[in-house]
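Shown below is the structure under consideration.
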Amino acid sequence: MNGSITEMIAFCVYLVLVLAIGVFFFVKGQKDKGDKAYFLGGRNMNGFVAALSAGASDMSAWVLMGLPGSIYLWGMGQVWISVGLLIGTICAWIFIAPKLRRFSVAANDAITIPQFLTNRFKSSNPALQAVCAVIFIVVYCIYSASSIYACGSLFNKMFGWNPLYAMIGATIIILIYTFLGGFNAVCWTDFFQGLLMLAALMAAPIVALAVMNTADFKPLAEVVTPENYYNVLSSGKFNWDSIKDILSGLGWGLGYMGMPHILVRYMSIKSEKEMKKSQIIGCFWTALILGMASVVALVAHQYLGTSLGADDRSFVFITMVRNLFPALLSGVLLSAILAASMSTADSQLLASSSAFASDFYKPLIRKNAGDSEMLWVGRGVVGLISIVALIIAINPKCAGIMALVECAWAAFGAAFGPTVILALYWKRFTYKGAIAGIIAGFVMDAFWYCCFSGSVEGLCIYNTGLYEIIPGFIFSMIVAVVVSLVDKKPSAAVVDIFEEAKKVK
């Protein structure tokens with residue numbers, strides 16, 4: 001049987017399983033009505049599933065395509081992204097996850113991040129929810145586009161398909177099972193996809209090293225190792241070029257504090273006991289994924305040589321797997337890229353739809369909207385964002401997977417990270433401070449991206465090379481603190497919620 005056909009069979013089997021999960025939870029969900037069940041799984045998620053779902057929804061296709069490609073081409077100076085993400089993951093699971101779960105319960109059983117922030121301050125003013133919902137929809141369109149773009153690249157590389165048709169197909173699959181099953185379907189598919197991603201990243205370098213140790217092994221092309229390739233200082237010395245790469249890499253870790261589709265996983269865990277399980281599993285899984293992604297790149301440098309250039313660097317993992325494994329097994333392993341793309345896209349679609357339905361539509365448009373109406377509004381938003389994300393992905397000027405992820409990750413981290421931290425740890429924090437911090441972080445992030453990152457031609461004033469999440473996060477924190485201190489102190493009722501959250505189990 002032709003290798004491509006065999007790989008396609010493996011992909012089709014995977015997609016059928018994913019859709020089956022969506023159908024299962026759609027049927028099961030007929031007994032569990034309501035937006036809480038659809039958007040948060042009834043706050044009854046077990047620790048193992050929640051941990052892998054949080055990880056898989058975080059580690060999109062960039063961890064299998066973007067990150068290995070960057071390290072393969074430019075060397076160990078790029079590994080600081082992995083270091084930053086690992087530190088951020090550990091900090092989020094230890095310092096954010098348990099407190100956020102308790103606070104969201106104490107804050108009138110909130111099911112979204114904007115709802116939690118509003119309830120946290122006992123405010124009837126919908127301004128904060130509206131601001132959050134708008135930011136969610138804008139940024140998630142960009143973020144989801146990266147996953148759809150990855151699917152198009154994957155099918156184009158493997159089967160020679162037109163990327164447009166591949167992206168349309170992937171969008172339809174994601175849309176169907178998110179639409180049908182809601183949070184439960186998304187988490188359980190993320191669970192299996194997380195296992196598949198880890199298996200693929202571990203198998204590829206191990207088999208490659210075994211092949212490389214044989215007597216007749218020859219690299220696919222000449223191996224040329226650039227100067228400082230194995231130096232974690234990208235320039236080979238401690239100057240601004242190396243410092244900005246280190247700071248920017250570590251800055252990725254700040255994103256976890258404000259990533260809505262990850263934070264909502266923490267809120268869904270059913271008990272303190274399950275939370276402790278999730279913390280261990282979540283940190284361990286992320287460490288393995290990031291570590292093995294870096295190993296894949298370094299092994300590929302020796303196995304592939306210079307066979308891939310700058311334009312093809314995203315295909316490092318794909319090329320290795322197709323050269324190392326028989327067609328059926330390579331099809332299964334490369335489904336991990338599809339898994340990574342879909343697990344992130346479904347989480348983003350659900351988070352944005354829940355934000356619009358619960359935080360914009362109901363408080364501002366239809367205050368008396370019932371559960372059924374809310375579900376259908378949320379599903380409608382899932383469809384709308386999918387279409388917009390697809391349009392972004394198929395645009396000829398689309399910058400690619402890594403650029404889209406960088407942009408969206410920074411926007412969320414800068415806008416929501418400081419506010420979430422302050423809401424959980426600072427009793428003096430106020431509603432106005434939260435709104436000001438979110439807007440300030442988002443605006444500063446966009447300003448730095450346009451004017452000081454070199455990403456937008458014609459608008460760049462000076463290219464600092466510094467990832468925009470860092471100035472955005474700092475500015476957001478300062479503005480939130482200053483506005484809160486100028487504002488009047490929180491009421492006794494708000495302070496009571498802060499104290500009550502310490503008791504929730």
Side-chain angles (χ1 to χ4, degrees), residues 1-14 59 61-76 78-79 149-161 163 166 193 195-226 229-230 288-341 400-402:
M1 184 183 291
N2 181 278
S4 293
I5 295 176
T6 306
E7 288 176 331
M8 177 55 64
I9 290 173
F11 270 66
C12 289
V13 170
Y14 168 76
M59 299 297 171
W62 74 269
V63 82
L64 291 163
M65 297 177 73
L67 181 59
S70 296
I71 297 175
Y72 163 82
L73 195 64
W74 294 303
M76 288 293 289
Q78 303 297 309
V79 82
Y149 185 94
C151 291
S153 298
L154 174 63
F155 281 97
N156 175 255
K157 177 67 176 179
M158 293 187 64
F159 309 117
W161 289 10
Q193 288 163 349
L195 292 176
L196 180 58
M197 290 164 61
L198 183 58
L201 280 172
M202 294 185 74
I206 291 173
V207 174
L209 287 172
V211 171
M212 290 164 61
N213 283 328
T214 59
D216 57 347
F217 168 74
K218 290 184 179 180
L220 296 189
E222 180 186 5
V223 178
V224 178
T225 303
Y229 186 86
Y230 293 105
L288 282 177
I289 284 286
L290 292 171
M292 294 311 298
S294 302
V295 171
V296 164
L298 296 176
V299 172
H301 177 68
Q302 298 297 324
Y303 184 85
L304 302 178
T306 55
S307 59
L308 298 178
D311 293 337
D312 298 321
R313 66 182 186 275
S314 294
F315 302 126
V316 167
F317 179 73
I318 296 174
T319 305
M320 278 185 64
V321 168
R322 299 190 86 187
N323 275 275
L324 289 168
F325 298 97
L328 182 61
L329 189 53
S330 70
V332 172
L333 293 176
L334 290 177
S335 294
I337 296 177
L338 195 61
S341 303
I401 302 167
M402 199 68 175

Legend entry - Flag side-chain contact, heavy atom, 4.5 Å: Phe325 against Val332: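 Of all side-chain heavy-atom pairs linking Val332 with Phe325, none is under 4.5 Å.
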
Inset, instruction - Work out which heavy atom in Gly331 is nearest to a heavy atom in Ala10; give both atom names and the distance. - result: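 Looking at all heavy atoms of both residues, the shortest contact is C-CB, 3.7 Å.
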
Legend entry - Heavy-atom closest pair, residues Trp161 and Met8: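 Closest approach of Trp161 to Met8, heavy atoms only: CZ2-CE, 3.1 Å.
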
Legend entry - For the student: nearest non-hydrogen atoms of Val224 and His301, plus distance: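 Of all heavy-atom pairs spanning Val224 and His301, the closest is O-CE1, 3.3 Å.
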
Inset, instruction - Return yes if some donor-acceptor pair links the side-chain N/O of Thr306 with the main-chain N/O of Ala221 below 3.5 Å, else return no. - result: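 Checked: no pair found.
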
Would you give me the side-chain donor-acceptor pairs under 3.5 Å for residues 198-215, sequence neighbours excluded?
unit_1 : atom_1 : unit_2 : atom_2 : d
Asn213 : ND2    : Leu209 : O      : 3.2
Thr214 : OG1    : Val211 : O      : 2.5
Thr214 : OG1    : Asp216 : OD1    : 3.4

Inset, instruction - Kindly give the heavy-atom pair with the smallest separation between Ala300 and Met320, and that separation in Å. - result: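 Heavy atoms only, the tightest pair is CB-SD, 3.3 Å.
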
Inset, instruction - Starting at CG of Leu220, measure out to CG of Asn323 and round the result to the nearest 0.5 Å. - result: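 So the CG of Leu220 and the CG of Asn323 are separated by 5.0 Å.
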
Legend entry - Contact check, side chains of Val296 and Tyr72, non-hydrogen atoms, under 4.5 Å: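 Result no, sub-4.5 Å side-chain heavy-atom pair not found.
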
Inset, instruction - Go through the structure and list residues passing side-chain hydrogen bond (donor to acceptor under 3.5 Å, both in side chains) with Ser314, not counting sequence neighbours. - result: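 If we apply the side-chain hydrogen bond (donor to acceptor under 3.5 Å, both in side chains) test to Ser314, skipping adjacent residues, there are no hits.
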
Legend entry - N/O donor-acceptor pair under 3.5 Å between Asn156 side chain and Gly152 backbone: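 A pair under 3.5 Å: no.
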
Legend entry - Distance-minimising heavy-atom pair for Gln302 and Tyr230: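 The answer is NE2-OH, 3.1 Å.
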
Inset, instruction - Drop me the distance from Ser294's OG to Met76's CE, to the nearest 0.5 angstrom. - result: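 That separation rounds to 6.5 Å.
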
Legend entry - Exercise: identify the closest heavy-atom pair between Leu67 and Leu290: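 Minimum heavy-atom contact is CD2-CD2, 4.4 Å.
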
Legend entry - Exam field: side chain Tyr229 to backbone Ile71, donor-acceptor pair closer than 3.5 Å: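 Present.
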
Legend entry - Sub-4.5 Å side-chain heavy-atom contact between Phe315 and Ser153: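 Heavy-atom side-chain distance check passes, below 4.5 Å.
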
